[in-house]
2 protein chains.
Amino acid sequence: MYTILILPNTKKGVKLHAMKQRRANQIQEALEHAIFVGEFSDGDRLDEVTLSNRFNVSRTPLREAFQALAASGFVELQPGRGAFVRHPSPTELVEMFEVMAEMESFCARLAARRMGPEELQEFRKATDDCDIAREGGDPDVYYWENERFHALLYQASGNSFLASEAAKLHRRLQPFRRLQLRGRGRMNQSMDEHRTILNAIDAGDSNAAAAAARDHVSVQGEKFTDLMSNIARAKEKPAA
Amino acid sequence: MYTILILPNTKKGVKLHAMKQRRANQIQEALEHAIFVGEFSDGDRLDEVTLSNRFNVSRTPLREAFQALAASGFVELQPGRGAFVRHPSPTELVEMFEVMAEMESFCARLAARRMGPEELQEFRKATDDCDIAREGGDPDVYYWENERFHALLYQASGNSFLASEAAKLHRRLQPFRRLQLRGRGRMNQSMDEHRTILNAIDAGDSNAAAAAARDHVSVQGEKFTDLMSNIARAKEKPAA
DNA sequence: GTCAACGGTTTTGTATACAATTTTGATTTT
DNA sequence: AAAATCAAAATTGTATACAAAACCGTTGAC
């Protein structure tokens, strides 16, 4: 009855845990990337045998990857017909960004109310790191610091379910968001908005924090036209 | 004892497109129900061979169902170890309801801004149907009209991605929400709140609509204690 | 007595074989 | 010529076989 208190292999067990089942996951990520860069167009069917050969696996793990892709919305699984890639339409993208904006807004609102001193410290650090990256001028470096900023914001909501859902949607929009940062002066604008969010949270002003986070993510005005032109450009060059 | 696990026979007469791939889906729903009613406790491993025998299927479609359950958060898939059921803790439930409240609030806000006359007509009809069901006094009848009310609210946001995500979370919270309606006077309270939401949307008052929808879903005050006691009661009676 | 190592057993992960369904294309009918 | 028919081919869905890893009780060393 008390044997559960004795864990024989705990020391080595740490490494043993996340070892397998990586196959379907790797395939999933590879296919996600392939879909995004345009190797597969909207409506294309992902052929099981072809991809099995390409990845040197059987159809079984491949189909598992298909299901994961379907759960993330990258493909649509039509029973008896196959997996068809689903590129988000401009309308869908705007809708997704609209939801993302609201989620980040809510995270910021909760963060302003709930964030503790040590979390705030870390958040401020991440914001400063963004600034350092901005000064460096490399969009890719800034991109990763930006990722950390947003991840911390989600955590700071104090609602781990919300944080998880926000991260999920964020990941799905990742490629499009990345394009957004390449425009002239976009990094500076993003940085300013980060500061505004941080200051509002620091001041405990939940309404201001919510508004700032919403404006940061919302695709309106120039951001909207930027997004549209990026989509159009991505469509022009199918296979990078 | 196993009656709930028996799958309905597949009809062969249907020639529509979505005919196959139903197997994993049926299994998924059966397992969802079995998990919710408490046949499996938190942390239990779902044994593949045992369940294969119960459902009279091979491990392949069963594992597909596992993946779908994992995507919905009902189980956690540990590589090399198996599928372990994850009952939401009270904390998680509160978090999920907090997010649900914010999503419905956003739907209502958008609906107040965007809803057209014909949609409004339908929405009003659904609200009236709720009232009729309330007068009938049967919580189950009211439950279904209530479902329609919320589904229409999601659609009315004019953001189909938001509507889809809201419906997904709504479905996940469905069993807990259902328990909420059984308390004394809960139907009347719910109905009043529906009216408030409808009136705010009708008046085009997006702030009022957002607030009303948030209050309707939010678990605070009595609703919070009700939810907690329902959870406790569900834990007492493991297998219904 | 505790801990580590070991081998048999169980369970999961993957490959392959088979069944069922859909697609395709040629042929026939109107 | 367009539509319907139907059988062959291709493709997905499912079952089973096999490989690899995890679990478990035992044994042995310290």
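Quick note: numbers below take in every heavy atom, side chains included, and nothing from hydrogens, waters or symmetry partners. Residue numbers start from 1 in every chain, and the chains themselves are labelled A, B, ... in the order their sequence lines are given, proteins ahead of strands.
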Rounded to the nearest Å, what distance is computed from the CG atom of residue B:L77 to the P atom of nucleotide C:dT12? 10 Å
Kindly write out the residues that satisfy salt bridge (Lys or Arg N to Asp or Glu O under 4.0 Å) with B:E92, not counting sequence neighbours, or none if the list is empty. B:R86
Between atom CD in A:Q67 and atom P in D:dT12, what is the gap in whole Å? 14 Å
Distance in angstrom units between A:E64 CD and D:dG13 P, rounded: 14 Å
OP1 or OP2 of C:dT14 less than 4.0 angstrom from a side-chain nitrogen or oxygen of A:R59, does that happen here? no
B:D138 meets the salt bridge (Lys or Arg N to Asp or Glu O under 4.0 Å) criterion, sequence neighbours left out, with none
Find every protein N or O atom lying less than 3.5 Å from an N or O atom of nucleotides 7-11 of chain D, and list the pairs.
residue	atom	partner	partner atom	Å
D:dT11	O3'	A:R45	NH1	3.2

Rounded to whole angstroms, how far apart are CZ on B:R63 and P on C:dG13? 4 Å
Between A:P61 and B:L46, which has a closest nucleotide on DNA chain C that is more 5'? B:L46
Once you round it to whole Å, what is the distance between P of D:dT14 and CG of B:N25? 11 Å
In this structure, how many angstroms lie between the P atom of C:dT16 and the CG atom of A:N56, rounded? 11 Å
Please report the distance, rounded to the nearest Å, between CD1 in B:I27 and P in D:dG13. 14 Å
Holding to salt bridge (Lys or Arg N to Asp or Glu O under 4.0 Å), I want the full list of residues that pass it with A:R172, two or more places apart in sequence or in another chain. none
Are side-chain N/O atoms of A:H216 and A:H194 paired as donor and acceptor at under 3.5 Å? yes
Residues in side-chain contact (heavy atoms from CB on, under 4.5 Å) with A:Q121, at least two apart? none
Residues in side-chain contact (heavy atoms from CB on, under 4.5 Å) contact with B:S218, at least two apart in sequence or another chain: B:A101, B:Q220
Which of C:dT12, D:dT14, C:dA15 is nearest the side chain of A:R23? It is C:dA15
Phosphate oxygens OP1/OP2 of C:dT14: is one of them under 4.0 Å from a side-chain N or O of A:T60? no
Whole-Å distance between D:dA15 C1' and B:F55 CZ? 17 Å
Is B:L77 close to B:V75 at the side-chain level, that is, under 4.5 Å between some pair of heavy atoms? yes
